[in-house]
There are 2 protein chains.
Amino acid sequence: MESEANDARTRVLNLAERLFGERGYAAVTLRDIAGELGMRQASLYYHVPGGKEQLFVEVTERGLLRHQAGLEAAIAAGADLEARLKGAARWLLSQPPVNIGRMVHSDMPAIGKEHADRLIDVSFQCLLLPLARELMAAEARREISSQQPVLLAASFINIIEGLWSAGGGRPVPVTNEEMADELIRVLLDGMRPRPSKESGVE
Amino acid sequence: MESEANDARTRVLNLAERLFGERGYAAVTLRDIAGELGMRQASLYYHVPGGKEQLFVEVTERGLLRHQAGLEAAIAAGADLEARLKGAARWLLSQPPVNIGRMVHSDMPAIGKEHADRLIDVSFQCLLLPLARELMAAEARREISSQQPVLLAASFINIIEGLWSAGGGRPVPVTNEEMADELIRVLLDGMRPRPSKESGVE
DNA sequence: GTCTATAAAGGGATAGAC
DNA sequence: GTCTATCCCTTTATAGAC
């Protein structure tokens, strides 16, 4: 039972996932990974005989499957839609980033087509579907009116992961979690003031 | 007056901007660019003596300045906030993508610090500020209540540009422009049904 | 499991012919 | 303005020692 094992291979995969997630496939070299682990580039081939591409595919798929579990758990734990979205956002922000836009347009073209096709498929199943299903369920419960649940799910992920670069690389005075909560409030109730709740404006 | 000149240098810059915008700095080689233009890699140095990095910095900055002009024009042309946001979205979707997240975390670390710092600065001035200013103006007009205009501006750009990869690389049955309109509607009025307008639900 | 050594290919950059 | 030729470095990957 090496489920949470901190063996050498797991350390390789964890670091590779973080670096690939931050910089993308092309911008990370095997030397970068080995260097940060205090080993030589060639040593990585003992743990991942398939080399860079296998390493990328393996950690990407592993990360996506973990996201599926984390998102579904976060959604299941929430009492209402708002709590579920906040839980999903917290989960996403607790994990190494999965820049889906860069994956599709930059990373996928650099790897084998079969690998790319499967990763595209897994991203859809693991990231978009859990959120889209919750949005569809919420619509069935009349909590929201949503024409495009899959689109909204994709945008939700974009928004939350985009927080890592909101401010355009400048420091911001609030935490990602606070920003996520504010954005979820906007998504649910809109930027326009709601005249219903209290008495109106102010 | 070579303002819209289709000379060789402009073709180089235009293609470079598109490729860098799509795949990022590390994933684009000078041979890619030259190849699509039917020339040799070495020939690029006639037009851009500074090589790959100068080429990237130049087209990135040029694109950001064009975005500033386009965004400000689109915002100025709109009658109300909704029209202005839709105009800004149309503009963004009409241009080569500017993946700000990838730029910050992947492209910037690969180029010289002075270049990176300036590009960060220019992105803020050209992309975030025009939208953030409009959001602040709209707040002053009491059209919206927004605690974090810069954050909202960044998320707006993330959402719109994220449409290029919404669906996770799968084909979607609606255009980016239709999706943008729907998302702007959500940002303004929220996903929750508004009980004020007519009589309530349905 | 990790190392050294090295092959093979890719990519940025320069020199000089045309 | 574009070419060929070439240099040099980086990167992936393999072979084999320890």
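In what follows, chains carry the letters A, B, and so on, assigned in the order in which the sequence lines appear, proteins first and then strands, with residues in each chain numbered from 1. In what follows, every heavy atom counts, from backbone to side chain, and hydrogens, waters and symmetry copies are set aside.
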So, taking the atom named CD in B:E178 and the one named CG in B:N176, what distance separates them when rounded to the nearest 0.5 Å? 9.5 Å
Using 0.5 Å steps for rounding, measure from the NE2 atom of B:H105 to the OG atom of A:S165. 6.0 Å
Would you say D:dG1 has OP1 or OP2 under 4.0 Å from some side-chain N or O of B:S43? no
Check the distance between D:dT11's P and A:L55's CG and give it to me in whole angstrom. 16 Å
Check every strand shown and say whether A:V28 touches a base, only sugar-phosphate, or nothing at a heavy-atom separation below 4.0 Å. sugar-phosphate
Among D:dT2, D:dA13, C:dA13, the nucleotide that comes nearest once only the side chain of B:A8 is considered: D:dT2
Under a 3.5 Å threshold, yes or no: a donor from one side chain and an acceptor from the other, between A:Q95 and A:H67? no
Between C1' on D:dT2 and CG on B:L30, what's the gap in Å once rounded to a whole number? 15 Å
Check the distance between D:dT11's P and A:I33's CD1 and give it to me in whole angstrom. 12 Å
Can you tell which of D:dT11, D:dT2, C:dA13 lies closest to the side chain of A:T29? D:dT11
Report the distance from atom OH of B:Y25 to atom P of C:dG12, rounded to the nearest whole Å. 8 Å
Would you verify whether the NZ or CZ of A:K52 falls within 45 degrees of the ring axis of A:Y25 while also being under 6.0 Å from that six-membered ring's centre? yes
Side chain of B:H47 only, heavy atoms from C-beta on: which candidate in D:dT2, C:dT2, C:dG12 is closest? D:dT2
Passing option when B:R192 is tested against A:E143, A:E139, A:E82 for salt bridge (charged side-chain N to carboxylate O under 4.0 Å, His left out): A:E82
Using whole Å, report how far CD of B:Q54 lies from P of C:dA13. 10 Å
Atom CZ of B:R40 to atom P of C:dG11: distance rounded to whole Å? 15 Å
Check every atom of C:dT2, D:dA13, D:dT14 against the side chain of A:A42 and return the nucleotide holding the closest atom. D:dT14
Between A:G51 and B:Y46, which has a closest nucleotide on DNA chain D that is more 5'? B:Y46
Provide, to the nearest angstrom, the distance between the CG atom belonging to B:L44 and the P atom belonging to C:dG12. 10 Å
Would you kindly give the CD-to-C1' distance between B:Q41 and C:dA9, to the nearest whole Å? 15 Å
Looking at the base of C:dG10, is there any donor atom on it, or on the side chain of B:R31, that sits under 3.5 Å from an acceptor on the other one? no
